[in-house]
Protein chains: 2
Amino acid sequence: MKKDNSTEEKIKQAAKEVFISKGFSGCSTREIAKASGINVALVNYYFRSKSQLFALIFNAAMEDFTNTMVEVFGRNLSLPEKMRILIDKEYYFLSNHPELPTFIINETNRESGISFANAGFFEKMTKTGIFEQCIEAQQKGEMRKIDLRNMTLLILSNCHYPFMSKNMMKSMLKIEDDQWKEAIEFHKIHVTELLVNYLFPKNNENEK
Amino acid sequence: MKKDNSTEEKIKQAAKEVFISKGFSGCSTREIAKASGINVALVNYYFRSKSQLFALIFNAAMEDFTNTMVEVFGRNLSLPEKMRILIDKEYYFLSNHPELPTFIINETNRESGISFANAGFFEKMTKTGIFEQCIEAQQKGEMRKIDLRNMTLLILSNCHYPFMSKNMMKSMLKIEDDQWKEAIEFHKIHVTELLVNYLFPKNNENEK
DNA sequence: AACTATTTTAAACAGTTGTTTAACTTTTTA
DNA sequence: TAAAAAGTTAAACAACTGTTTAAAATAGTT
């Protein structure tokens, strides 16, 4: 059938890069075509429309985005251990994909945005058993009584925002790239202690 | 000279709304014109170009954005008090301007973005004396030894991200608007305790 | 080899983009 | 009130947008 899939793949590859760094409305079909070294018409030949190509890229990105969380929460470990490993892995992942959180948030906010398959995140999370594990730990008094939505938000805030705000922080604090990188290293340590201490307080003051 | 400034002001007003909710490349001059009920040509008549109008809006937004922090840090209060009041005020401000952090971060990331006057944030922060106050508190052992860049990032992460991620979280956690609002109320309390406890630890374990 | 199906191309499409023009109305000035 | 200035308008501009077309090139099949 197909000669080979290199053209289709080349487009996907370039589209991923361009879409994620510039957003859906921040780039054109021709820009993607040029980035992949192919003719403009081929984008629609293989993917029917800019929107459909975008939906493909977005869903894959969403999958990558939530992967770490689902994977780590699914392990057979104590909650504090999961937390430490998760933060470590998130910081490592985001060091290599710093534009991803901004991309997801932007496209989720865009009106007339895609229907948003969501990659079944909630179901996957439930399947890991993390919710039961948390509730059990809370009943045993090992974990602070906190709604799990808030727990999730605390984790994501402290992992995603530092990377999202890189350029803003550099400008606001008048620092350069290497200083930012240094700060992020320390930040990971702070965030880990911050969250672990808060969610799993020492026994001397277990209440409130 | 001018008949009155209502036209100029109408454009600014509409531009602010449209730019902040859709971003620079997410909207057109004609959209702003339509939103302010004026002729397209008047946008360039009053502001020379889309870019120049944008720069105006952006700088004002940046000012609003950093206002609370500078104002609260400039008060004559203890550090934990400042922290509690700041978080409270940020959550209140962002409830009314939830799109602002995403807007600032996006436009700071956009390549060929504006030169970014930055509204002299760093200088204003220095002038409040917050840095000296922190260093003094750290020497006294009242505050955790943490780089002030990391402290700033911790605060902003936990204030901005919850509002930025609203739609994403609603979709990921399968919740509706009222449930999100409820969660945010609790979140503010968590964030306050989280940060105050971490930055100003109880006397029994001042080290580390 | 000829025939069919797939892939690639340049060109065109209709609509939108930021911006400018030149004519007009209204306001201010003298 | 007449002249100058400021404000407003519809129309045009060239460049760009997503998408389609129809012809050309290539591959696979018999």
Side-chain angles (χ1 to χ4, degrees), chain A residues 1-59 61 103 106-107 110-116, chain B residues 1-59 61 103 106-107 110-116:
Chain A
M1 296 285 160
K2 286 172 188 166
K3 216 182 350 178
D4 62 2
N5 65 348
S6 84
T7 301
E8 196 171 339
E9 210 51 47
K10 265 194 285 180
I11 300 175
K12 262 198 222 170
Q13 199 62 36
K16 187 176 171 183
E17 254 176 67
V18 176
F19 274 141
I20 288 180
S21 70
K22 302 199 173 183
F24 180 80
S25 53
C27 72
S28 66
T29 319
R30 280 171 178 80
E31 188 174 350
I32 293 169
K34 186 171 277 182
S36 39
I38 55 99
N39 188 286
V40 213
L42 287 179
V43 174
N44 282 38
Y45 176 78
Y46 282 105
F47 302 97
R48 288 187 58 86
S49 73
K50 187 191 179 189
S51 305
Q52 284 202 29
L53 173 56
F54 178 80
L56 216 72
I57 303 298
F58 179 87
N59 287 330
F103 171 69
N106 270 329
E107 300 302 334
R110 184 161 53 90
E111 60 181 329
S112 76
I114 43 170
S115 59
F116 194 16
Chain B
M1 295 288 158
K2 287 173 189 167
K3 215 185 348 178
D4 64 3
N5 65 347
S6 84
T7 301
E8 195 171 342
E9 210 51 46
K10 266 194 284 182
I11 300 175
K12 261 198 224 173
Q13 199 62 35
K16 187 177 171 183
E17 254 176 67
V18 177
F19 273 143
I20 288 180
S21 69
K22 302 199 174 184
F24 180 81
S25 52
C27 73
S28 67
T29 320
R30 281 171 177 82
E31 187 175 352
I32 293 169
K34 186 171 276 181
S36 41
I38 54 99
N39 188 287
V40 214
L42 287 179
V43 173
N44 282 38
Y45 176 76
Y46 281 106
F47 302 97
R48 288 187 59 88
S49 73
K50 186 190 179 190
S51 304
Q52 283 202 29
L53 173 56
F54 178 81
L56 217 70
I57 302 298
F58 179 87
N59 287 331
F103 172 70
N106 270 331
E107 300 303 334
R110 185 161 52 92
E111 60 180 328
S112 76
I114 44 172
S115 60
F116 193 17

The reported gap from CD1 in Ile11(B) to CG in Asn39(B) (rounded to nearest 0.5 angstrom) is 9.5 Å
Which whole-number value in Å describes the distance from Glu9(A) CD to dT7(C) P? 14 Å
Under 4.0 Å: is that the gap between some side-chain N or O of Tyr45(A) and OP1 or OP2 of dT19(D)? no
Letter by letter from the 5' end, nucleotides 11-16 of chain C scores (B base, S sugar-phosphate only, - none; protein heavy atoms under 4.0 Å) -B----
Under a 3.5 Å distance rule, please check whether Lys50(A) uses its side chain to pair with a backbone N or O of Val43(A) as donor and acceptor. no
note: Leu42(A), atom CG; dG18(D), atom P; distance rounded to Å ~ 15 Å
Can you tell me which nucleotide in dT9(C), dT20(D), dT20(C) comes closest to the side chain of Asn44(A)? dT20(D)
Given atom CZ of Arg48(B) and atom C1' of dG18(C), what is their separation to the nearest angstrom? 14 Å
Decide side chain to side chain contact (heavy atoms under 4.5 Å, CB included) for Phe54(A) and Phe47(A); before the verdict, give the C-alpha distance in whole Å, the side-chain angles of both, and the deciding distance to 0.1 Å. CA-CA 9 Å; Phe54(A) 178 80; Phe47(A) 302 97; over 6 Å; no
Side-chain N or O of Thr7(B) versus OP1/OP2 of dG7(D): is the shortest distance under 4.0 Å? no
Can you tell me how far the OG1 atom of Thr7(A) sits from the OH atom of Tyr46(A), to the nearest 0.5 Å? 4.5 Å
For Glu31(B), is there an ion pair with Lys34(B) - N to carboxylate O distance below 4.0 angstrom? no
What's the CG-P distance between Leu53(A) and dG18(D), to the nearest Å? 11 Å
Could you check how far OH of Tyr46(B) sits from P of dA6(D), rounded to whole Å? 11 Å
Is it the case that over 12 heavy atoms from other parts of the model lie below 6.0 angstrom from the CD atom of Gln13(A)? no
Whole Å only: how far is the CD1 atom of Ile32(A) from the P atom of dT19(D)? 10 Å
To the nearest Å, how far apart are Phe24(B) CZ and dT17(C) C1'? 11 Å
With a 4.5 Å heavy-atom cut-off, do Leu53(B) and Phe19(B) have their side chains touching? yes
Looking at Ser49(A), does any N or O in its side chain come under 4.0 Å of the phosphate oxygens OP1/OP2 on dG18(D)? no
In whole angstroms, the gap separating P of dG18(D) from NZ of Lys34(A) amounts to 13 Å
Members of residues 10-22 of chain A that approach DNA chain D, where some heavy atom sits under 4.0 Å away: none
Minimum-distance pair of heavy atoms, taken over all atoms of Ser25(B) and Gly26(A): OG-CA, 4.1 Å
Inter-residue atom distance Lys12(B).NZ - Ile32(B).CD1, 0.5 Å rounding: 13.5 Å
